[in-house]
Amino acid sequence: MGPAERYNALKGIQDIFPPDIYTWQKIEKIAADVFSVYGFQELRAPIIESTDIFVRSIGETSDIVEKEMYTFSDKAGRSITLRPEGTAPVVRCYVQNHLYNLPFPQKFFYSGPMFRYERPQKGRFRQFYQIGVEAFGVADPTIDAEILSMLRLFLDTIGLKELTFEVNSIGCEQCRSGYRKALHDFFLNKFDNLCPDCKRRFGVNPLRIFDCKVDFCIELRKGAPRVTDFLCNECKEHFHTLLLLLQTLNIPYVINPDMVRGLDYYTRTTFEVTTEHLGAQNAVAAGGRYDRLVEEFGGPPTPAIGFAIGMERIATLLKSSQKQEIPAPKVFIATIGAPAEKEGLVIADKLRGQRIWVELGYTDKSLKSQLRRADRLNTDYVFIVGDEEIQSGMVKWKRLSDGTQGKVPFSSIVHFLSGYSV
RNA sequence: GUGAGUGUAGCUCAAUGGUUAGAGCACUGGACUGUGGCUCCAGGUGUUGGGGGUUCAAGUCCCCUCACUCACCCCA
């Protein structure tokens with residue numbers, strides 16, 4: 001690239017602008033509309049936090065903390081991190097501001113950029129946007145079902161199809177210690193045959209061996225104990241009730257006993273919504289329960305559940321499946337000559353005062369080119385103002401959809417367009 | 001961090017190692033001097049990502065570098 005193009009956005013970080021921005025606005029609007037009928041209220045947490053907020057919640061051995069965080073020192077030498085996910089800041093905010101004293105249950109949604117230092121690929125960026133929700137205070141699986149119902153309503157409203165809801169339960173800490181031991185015993189005598197990645201996983205988090213796609217690892221893990229077989233009675237009951245509720249709500253789901261989450265704070269319910277149309281990064285939304293996290297942040301024991309939606313991934317799916325809706329001006333004022341240009345500006349001012357979108361033609365362009373521009377903007381009405389119109393006090397109008405035209409007194413333009421005002 | 005692929009006009013892409021690197025779309029103007037879409041005509045842009053090498057000759061082959069893309073890893 002030449003000298004004029006030397007400055008580029010950082011790797012894996014993209015600009016969003018028209019026409020794509022309209023897809024993003026649509027996603028945000030539908031999310032806010034849908035979430036609000038479930039009683040979720042917006043919460044804005046900062047995008048930078050003390051590093052240990054993420055280290056302690058996500059887990060020191062997680063990939064995110066080990067190698068993906070944007071961490072740096074501020075001028076006082078404090079370790080600061082750009083948030084790699086949204087839940088930890090919300091929980092910090094919840095505890096710090098004693099939001100558990102708000103009317104129960106407390107339900108929040110948020111949206112904004114997250115940052116992970118990863119190699120970019122399809123559907124994966126270093127700065128990416130999530131819309132997330134968190135519900136605090138309810139242990140009952142009813143709210144798990146509500147959350148999934150809310151996610152379904154959002155995805156339905158936005159118009160996405162061919163999605164799979166995968167659910168699982170990874171139990172509480174008690175179930176998992178028993179399971180971890182059983183898993184350890186199972187893989188111990190197979191250790192030498194595991195792939196290098198899985199050998200590492202064995203020591204760090206044996207659950208992730210289930211994520212491996214290497215053929216002989218898939219073979220080796222056949223017959224391995226499943227976390228669902230190790231659930232305690234309470235967790236088992238919780239999971240079964242959730243599944244019944246999902247059936248009651250006609251939410252089709254697939255139990256994926258291999259689904260493990262990359263963040264350590266999850267307990268019991270985990271879920272993921274996936275698609276076949278996004279390449280390797282196939283999750284459009286994911287979440288789960290985190291019943292211990294509030295307590296770990298110094299708050300009262302508070303069960304909680306949430307999920308996050310990947311905005312880029314939703315936008316990508318929408319762009320390939322739906323025609324992009326681009327807003328168009330209602331009025332274009334084409335003018336001929338300087339006096340007319342001045343008159344056009346006055347008319348435009350009046351219409352804009354009525355909240356009507358008006359574009360101006362500017363007289364350094366021919367009438368033809370002004371009309372062409374009006375057409376490309378997909379304008380509804382063109383007003384033509386020249387010497388004749390100023391003489392007669394009548395402005396010419398033309399409706400571009402069918403080419404009909406007529407005249408209207410300058411003073412009646414707002415009335416003429418009355419159907420278009422707010 | 002690892003691997004593979006791709007870099008040519010604003011965009012999508014052509015060009016056997018051989019003259020002055022082309023086409024479509026888009027943009028601007030004209031045919032129609034005050035009327036858009038359809039048609040026709042005209043117009044402009046490139047250090048072929050950058051650097052080095054091989055060759056009589058490199059967009060094309062080789063090396064380095066940068067960028068992008070996809071995949072692994074991991075995840076939204």
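Only heavy atoms go into these numbers, but all of them, side chains included; no hydrogens, no water, no symmetry mates. Proteins get letters first, then strands, A, B, ... in listed order; numbering begins at 1 in each.
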For a quick check under 3.5 Å, do A:Tyr94 and A:Glu134 share a side-chain donor-acceptor pair by atom type? no
How would you summarise protein contacts on nucleotides 32-43 of chain B per nucleotide, using B for base, S for sugar-phosphate only and - for none, with heavy-atom distances below 4.0 Å? B-BBBB------
Determine, for A:Phe115 and A:Arg83, whether the Lys NZ or Arg CZ falls below 6.0 Å from the six-membered ring centre while staying within 45 degrees of the axis. no
Minimum side-chain heavy-atom gap A:Phe128-A:Arg116 below 4.5 Å: yes
Donor-acceptor pair present, A:Gln281 side chain and B:C70 base, under 3.5 Å: no
So for A:Arg124 and B:C74, does any side-chain atom that can act as donor or acceptor lie under 3.5 Å from a complementary atom in the base? yes
Which part of the nucleic acid, if any, lies within reach of A:Val284 when heavy atoms closer than 4.0 Å are counted: base, sugar-phosphate only, or nothing? sugar-phosphate
Interatomic distance, A:Leu155 CG vs B:A76 C1' [rounded to whole Å]: 13 Å
Less than 4.5 Å apart, any side-chain heavy atom of A:Gln14 and any of A:Gln127? no
Are side-chain heavy atoms of A:Arg180 and A:Phe230 found at a separation under 4.5 Å? no
For RNA chain B, what is the dot-bracket line, given that a base pair needs Watson-Crick (N1 to N3, plus N6-O4 or O6-N4) or G-U wobble (N1-O2 and O6-N3) geometry with both distances under 3.5 Å, and | means paired with another strand? (((((((..((((....[...)))).(((((.......))))).....(((((..]....))))))))))))....
Proximal nucleotide (of B:A76, B:C75, B:A71) relative to the A:Glu118 side chain: B:A76
Going through the distances and angles, do A:Phe109 and A:Phe40 end up as a ring-ring contact (aromatic ring centres under 6.0 Å, His included)? CA-CA 6 Å; A:Phe109 73 91; A:Phe40 284 72; 7.8 Å; no
Establish, from distance only, whether the side-chain atoms of A:Tyr253 and A:Gln247 form a donor-acceptor pair under 3.5 Å. yes
Near-strand residues of residues 125-133 of chain A, defined as heavy-atom separation under 4.0 angstrom from RNA chain B: A:Phe125, A:Phe128, A:Gln130
Using a cut-off of 4.0 Å on non-hydrogen atoms, how would the nucleic acid contact of A:Ala374 be classed: base, sugar-phosphate, or nothing? nothing
Test item: A:Ile314 and A:Leu155 side chains (from C-beta on) under 4.5 Å apart, heavy atoms: yes
Cut-off 3.5 Å, side chains only: do A:Thr274 and A:Glu166 have a donor facing an acceptor? yes
Less than 3.5 Å apart, any donor N or O on the side chain of A:Thr269 or A:Asp144 sitting next to an acceptor on the other? yes
